[in-house]
Amino acid sequence: IMALGLISLIVELIMLYLVLCKNVISPLKIFAAASDEVGAGNYEKIINNEIKLPIGRRDEVGLLASTFHNMASRIAIYQQRLKKRTTELESSNKALESFAYTVAHDFRTQLRTLNGFTEILLADYKDKLDATGNSCLLNLKDGSQEMNLHLEGLLSLTRSVYSPLSPEKIDLRILAEKILSNLERKEMRCRATIHLPDHAIAFGDQNLLTQVLEQLFDNAYKFSAQEDSPIIHFFYEQHKLETVHTIQDNGVGFDMQHEKMLFRPFYSLHKPGEFRGSGVGLALAKQIIERHGGRIWGEGQIGKGAQFHFS
């Protein structure tokens, strides 16, 4: 009797195992395979029933299979829409980029013509014009040159938006040394005392980050040039979630109420002609830093210098 009972128990366990395999383990294996395909983006294999989900079952497993199949179908539809919109956006961006370059080229051609004729008038007819006439011509020349700077700035902004990113490990100190050397050679601004870190490692596009440093160092030079002893610091601080790099000067500074406005194109806190520039330097730096997933902000006090931080 005991032997028969043991045999009966074994048979029941075998039957239970077979039922579990059919109703639970096998569907789980199918769901696992289907999940792998969805994770790989192969939604068609689910939609076309290449992986046969147990949709026909009238239990919780069948309901789950039907829900899974519908989910894969909706994701596939959304993915197709996303690809279409991405293609349309890329096409639109290329058209805008082409338009910007065309307009800038046409304007610059006209500005060069205007500037050329103005210089001829100043050279050949200066003595025939009164003070007012000469002043008007000088203003016209200065205006055309300023407009050309603005166009150059707009082109730089356009390039920063559309140029592809090529991230790599970079020592910003090395870039800073080259930039500072070029600035000093170009404009003979050698009075500033420069403090650089031993190294400043970052990960990003070297060409674009070079533009960021060029703009920030140029600003530091420009706004501290009137000081008796200009001082520029470049340093970084390591925080838990980010590394923050800072360029600091002891120049004219700014009112913190206007900090957000500084990063708008062509916005200036100073009178026209007081400080040279294209008007897009900080806007360009902001655009590039944000493309890298970072942030940039400024701190300053009137008459006590400024700091610009980026991560």
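FYI, side chains are in, hydrogens and waters are out, and symmetry mates aren't considered; it's all heavy atoms of this structure.
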For F263 against K286, the heavy-atom pair lying closest together: CB-CD, 3.5 Å
pair L172-F234: side-chain heavy atoms closer than 4.5 Å: yes
Spacing of CG belonging to L262 relative to CE belonging to M256, to within rounding of 0.5 Å: 9.0 Å
Can you give me every donor-acceptor pair (side chain of residues 301-311, partner residue at least two apart or in another chain, under 3.5 Å) with its distance?
unit_1	atom_1	unit_2	atom_2	d
Q307	OE1	H309	NE2	3.3
Q307	NE2	Q248	OE1	2.7
H309	ND1	T246	OG1	2.7
H309	NE2	E299	OE1	2.7
S311	OG	E242	OE1	3.1
S311	OG	R295	N	3.3

Exceeds 12 heavy-atom contacts within 6.0 angstrom, atom CD of Q257: no
Between CG on residue L138 and OG1 on residue T118, distance to nearest 0.5 Å: 9.5 Å
Spacing of I232 atom CD1 and N219 atom CG [to the nearest 0.5 Å]: 10.0 Å
Short side-chain to backbone donor-acceptor contact, S181 and E177, under 3.5 Å: no
Note, V212 side chain near L284 side chain (heavy atom, < 4.5 Å): no
Atom of H245, atom of Y236 and distance for their closest heavy-atom approach: CD2-CB, 3.5 Å
I247/L213 under side-chain contact (heavy atoms from CB on, under 4.5 Å): CA gap, chis, key distance, verdict: CA-CA 9 Å; I247 294 179; L213 292 181; 4.0 Å; yes
Spatial distance of atom CG (L165) from atom CZ (R291) [nearest 0.5 Å]: 4.0 Å
I170 to G204 - nearest heavy-atom pair and separation: CD1-O, 3.1 Å
Contact summary for A285 and I296, nearest pair of heavy atoms: CB-CD1, 4.0 Å
Heavy-atom side-chain proximity of I194 to I231 below 4.5 angstrom: no
Under 3.5 Å: donor-acceptor pair, side chain of N250, backbone of P230: no
Student check: side-chain heavy atoms of N115 and K141 closer than 4.5 Å: yes
Which atom of A200 lies closest to which atom of D171, heavy atoms considered: N-OD1, 3.0 Å
Closest heavy-atom pair and its distance - S224, D249: CB-CB, 4.3 Å
Side-chain heavy atoms of W297 within contact of V244, under 4.5 Å: yes
Crowding at CZ, F117 (>12 non-hydrogen neighbours, <6.0 Å): no
L208 CG to H292 NE2 distance, which is reported to the nearest 0.5 Å: 5.5 Å
Spacing of CG belonging to L121 relative to CG belonging to L137, to within rounding of 0.5 Å: 5.5 Å
